[in-house]
Amino acid sequence: MLDQEIKIVIDHKRCIGARCLNCVDSCPREVLDWDKEQKKVVVVNFQECILCFACEEACREDGNNCYKIEGAIRKEFQPAPRIDMWGGAREVEPPISV
Amino acid sequence: MEWKETIRTDVLIIGAGLAGLKAAERAKRYGLDVVIVDKSTGRTNLSSVAGGAIGILAGAWQISNPSTLRSLTERGILGGAWEIKYCKDQRMEEITAMEEVPLQDELAEFGCINPRNMKTYGPNIRMNWAATGPLYHYVQKVGCKLMKFFTVTDLLKVDGQVVGVVGFESRRGHFMAINAKAVVLATGGAGNCWARNNTPFRSTGDGHAIAYRNGVLLHMMEYESFDAWIIAEKGVPNYWIPPSYGRTMGNVLNAKGEDFLPNYIELGPKATLKPGDPFHIKYGAPVIDNVAKIGRAMAMEVYEGRGDDGAILVDFSNVPDEAWYSEPKGIAFLHLMRDFDWKKKPVHMYPGALGSYGGCKITEEGETNLPGLFSGGEVAYGEDLKYTNVFGTRAGRAAAEYAMNASLVEPDPIQIKEKKDYLEKFLARPKSTDGDPKAIRDAVRDLSMEKFGVLKSEEGLIEGIGRLGELRKVASEKMYASDPRELRMAFEVESMFDCQDMHARAALIRTETRGVHNRLDYPYMDNDLWVKEIRIRKVGDEMKLFTAPIRRGYVEIPKGRFPIKGMEKK
Ligand SMILES: Cc1cc2nc3c(=O)[nH]c(=O)nc-3n(C[C@H](O)[C@H](O)[C@H](O)COP(=O)(O)OP(=O)(O)OC[C@H]3O[C@@H](n4cnc5c(N)ncnc54)[C@H](O)[C@@H]3O)c2cc1C
Ligand code: SF4
Ligand code: SF4
């Protein structure tokens with residue numbers, strides 16, 4: 001369990017909204033939407049958010065940088081060690097994924 | 001919505017996932033005009049969220065054993081058991097050659113300096129976006145034109161030859177036709193047709209449906225892979241727990257607290273069966289060899305009444321914190337679980353759709369049976385990055401070579417109008433409760449999970465096909481789209497209907513259990529009857545299904561019927 005709460009924080013004052021919507025369109029899980037009435041980017045389905053950071057990255061890449069996911073663990077990883085995957089040198093499951 | 005002037009190009013690529021990008025990059029080398037269209041940004045696809053196991057092939061990990069590459073390839077992501085491997089065996093020969101593996105140098109050329117350092121789920125970068133991202137920028141740098149938010153809805157044909165596509169732009173909202181000498185279909189998979197899945201929402205099998213409607217030969221549509229570790233908890237995404245060290249240490253249990261996996265998988269001679277040992281030590285067999293069986297086991301436990309709330313339980317209470325914090329995929333787990341306290345409560349899980357093995361039947365060079373149409377990636381062969389990479393590249397090469405010798409054939413304006421009218425119809429309809437595309441989509445996804453899920457039976461499939469038909473009828477009369485964005489969804493729903501219909505009908509014919517295809521009424525693998533593949537083609541208005549022998553020679557296939565462990569009637 002994480003100590004801190006994860007949440008999406010948008011600085012609506014700086015967000016350029018309907019002219020952009022890069023965050024909304026970069027989300028693979030339909031977490032975000034453009035609320036036509038409120039004229040705001042809104043989080044509609046946080047349950048589906050897989051914390052892939054695509055939204056945050058899209059906003060930053062376009063220079064707006066008014067979108068942040070707070071509370072997430074931001075840890076740099078060292079390059080994976082060169083390991084012999086099937087020769088038995090490593091005890092754990094090889095880091096192979098589907 | 002207004003109509004924009006037709007644009008012309010040499011090679012048109014549909015889909016900016018890994019397959020489409022590789023195809024574009026290759027076609028561009030011929031000095032041709034290349035246009036890539038994507039219904040989204042090109043970043044909300046399978047290739048961006050994938051685990052990035054292609055890193056292994058890119059030299060991310062040292063492969064000391066020369067046969068490892070081959071063994072890796074054999075294992076693919078299918079889980080390695082030869083019973084499943086069989087369904088891929090006809091392409092094995094091609095894949096093992098691996099002529100198009102992006103070696104570290106090649107990736108570096110695209111700007112991916114250190115594929116070993118992919119920050120999977122890290123703060124800056126998404127999983128396989130580390131590899132596709134640089135390629136995404138690279139193809140644009142070398143002059144391929146990327147049109148985002150362009151949904152292709154159909155092909156244009158003249159005398160059976162593909163001469164372009166029609167579709168619409170969903171941001172500004174206009175229709176458009178694209179006239180091309182060669183078209184590459186690289187639209188990815190159909191995993192989002194199932195309610196439980198770990199795929200992007202745009203993976204709705206559009207390409208499968210477009211291909212089908214245009215008479216392309218498809219095959220293996222009955223195979224949809226289900227990943228076992230998909231979370232089934234409220235407030236937590238119904239997404240997979242990424243394969244991490246921590247995941248392998250969890251104890252998989254049924255509602256009675258029993259470890260049921262030994263009833264379904266073959267234990268290795270050194271299996272310890274000690275709770276808390278990592279999977280491959282506990283069962284003496286690697287996870288990767290058992291992916292399909294674990295999913296089957298979970299579903300069987302629930303089916304036979306030993307599940308809890310329609311799921312099984314995974315107890316992570318003994319997994320030390322370091323196991324999660326030590327790798328990006330472990331951190332992804334922490335992120336996904338939010339404030340769910342897995343140290344106190346076991347996590348409910350049940351399999352969900354991951355990828356589509358079936359798709360366009362292509363030649364080794366990526367050609368479909370339609371002249372001018374090429375295909376690669378999940379819409380064609382296989383469902384992993386290796387296949388996508390190889391066949392995306394090949395499709396691009398073949399399309400370019402075809403385009404070099406072809407001239408532009410003007411599409412038929414009447415055909416274009418018909419296809420536009422088909423789309424206008426959704427926009428013209430009034431809003432209604434039963435015509436809401438999102439609601440219909442959810443209904444299709446729920447139905448798929450219920451009737452075409454992990455465990456199938458004749459009764460369920462027939463009922464499901466019937467119910468799918470009813471939903472389709474309602475959609476064909478009522479489904480509306482109030483804006484271009486919603487039109488995209490309406491079109492996706494139409495695709496889902498065709499995909500799921502093909503999936504269910506093919507699954508109904510395959511009267512056996514094999515790999516990811518589980519039939520409760522045929523709990524055995526039948527090598528006497530079923531060492532063949534099911535092919536699908538639209539003839540007139542009818543879906544024709546037929547079988548064809550598979551190319552042998554890669555794996556030994558013993559004759560006989562083989563009961564499936566844990567599935568036999570008790
Ligand atoms: C969670 C997850 C993890 C995975 N991990 C691995 C792994 O570790 N190793 C591995 O080898 N494989 C893995 N896979 C499988 C692999 O990601 C896919 O098989 C592969 O990326 C498919 O690539 P693609 O280019 O065919 O499809 P995609 O990347 O999905 O690209 C298709 C593109 O086509 C576009 N498109 C679709 N329809 C239309 C249309 N009508 N008009 C215009 N554009 C359209 C889409 O927007 C999309 O951008 C994983 C898959 C998932 C879901
Ligand atoms: S990407 Fe940033 S600027 Fe653009 S709509 Fe989203 S929050 Fe606003
Ligand atoms: S982190 Fe990923 S899933 Fe979550 S809102 Fe952003 S783009 Fe969507």
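Computation of the quantities below employed the complete heavy-atom set of this structure, encompassing side-chain atoms and omitting hydrogens, waters and symmetry-equivalent molecules. The shown structure was predicted, so the numbers you read here are calculated from the model rather than taken from an experiment. Order of the sequence lines fixes the chain letters, A, B, ..., with proteins taken first and strands second; residue numbering starts at 1 for each chain.
The pair Lys39(B)-Asp25(A) does not count as a salt bridge, with every side-chain nitrogen at least 4.0 angstrom from each carboxylate oxygen. Electrostatic pairing of Glu5(A) and Arg338(B) does not count as a salt bridge here, judged by no charged N lying under 4.0 Å from a carboxylate O.
Scanning for salt bridge (charged side-chain N to carboxylate O under 4.0 Å, His left out) contacts around Arg196(B) gives an empty result, with sequence neighbours left out. In this view, Phe150(B) satisfies the ring-ring contact (aromatic ring centres under 6.0 Å, His included) rule with no residue, not counting sequence neighbours.
Within the 4.5 angstrom heavy-atom criterion, only backbone atoms of Asn198(B) (N, CA, C, O) approach chain A. Contacts between Lys36(A) and chain B at a heavy-atom distance below 4.5 Å involve the side chain alone, from C-beta outward. Residue contact with chain A, scored on non-hydrogen atoms closer than 4.5 Å, involves the side chain of Asp483(B) exclusively. At a 4.5 Å heavy-atom cutoff, the contact between Phe149(B) and chain A is made by side-chain atoms alone. Looking at Asn22(A), both its backbone and its side chain come within 4.5 Å of chain B, counting heavy atoms on both sides. Using a 4.5 Å cut-off between heavy atoms, Lys234(B) touches chain A through its backbone atoms (N, CA, C, O) alone. Looking at Leu2(A), the atoms closer than 4.5 Å to chain B (heavy atoms on both sides) sit in the backbone and in the side chain alike.
Looking only at side-chain heavy atoms (C-beta outward), Leu21(A) and Arg171(B) come within less than 4.5 Å of each other. Taking the side chain as every heavy atom from C-beta outward, Met489(B) and Glu30(A) approach each other to under 4.5 Å.
Note that OH of Tyr239(B) is 10.5 Å distant from SG of Cys49(A), once rounded to the nearest 0.5 Å. To the nearest 0.5 Å, the span separating CG on Leu334(B) from CD1 on Ile6(A) amounts to 8.5 Å. Between atom CZ of residue Arg29(A) and atom OG1 of residue Thr44(B) there is a gap of 12.0 Å, rounded to the nearest 0.5 Å.
Within a 6.0 Å radius of CZ in Arg172(B), other residues, nucleotides and ligands contribute 12 heavy atoms or fewer.
No side-chain donor-acceptor contact under 3.5 Å links Gln47(A) to the backbone of Pro237(B). Using modelled atom types, one side-chain atom of His335(B) and one backbone atom of Ile73(A) make a donor-acceptor pair closer than 3.5 Å.
The residue among Val236(B), Thr199(B), Asp339(B) with the most heavy atom pairs within less than 4.5 Å of chain A is Val236(B).
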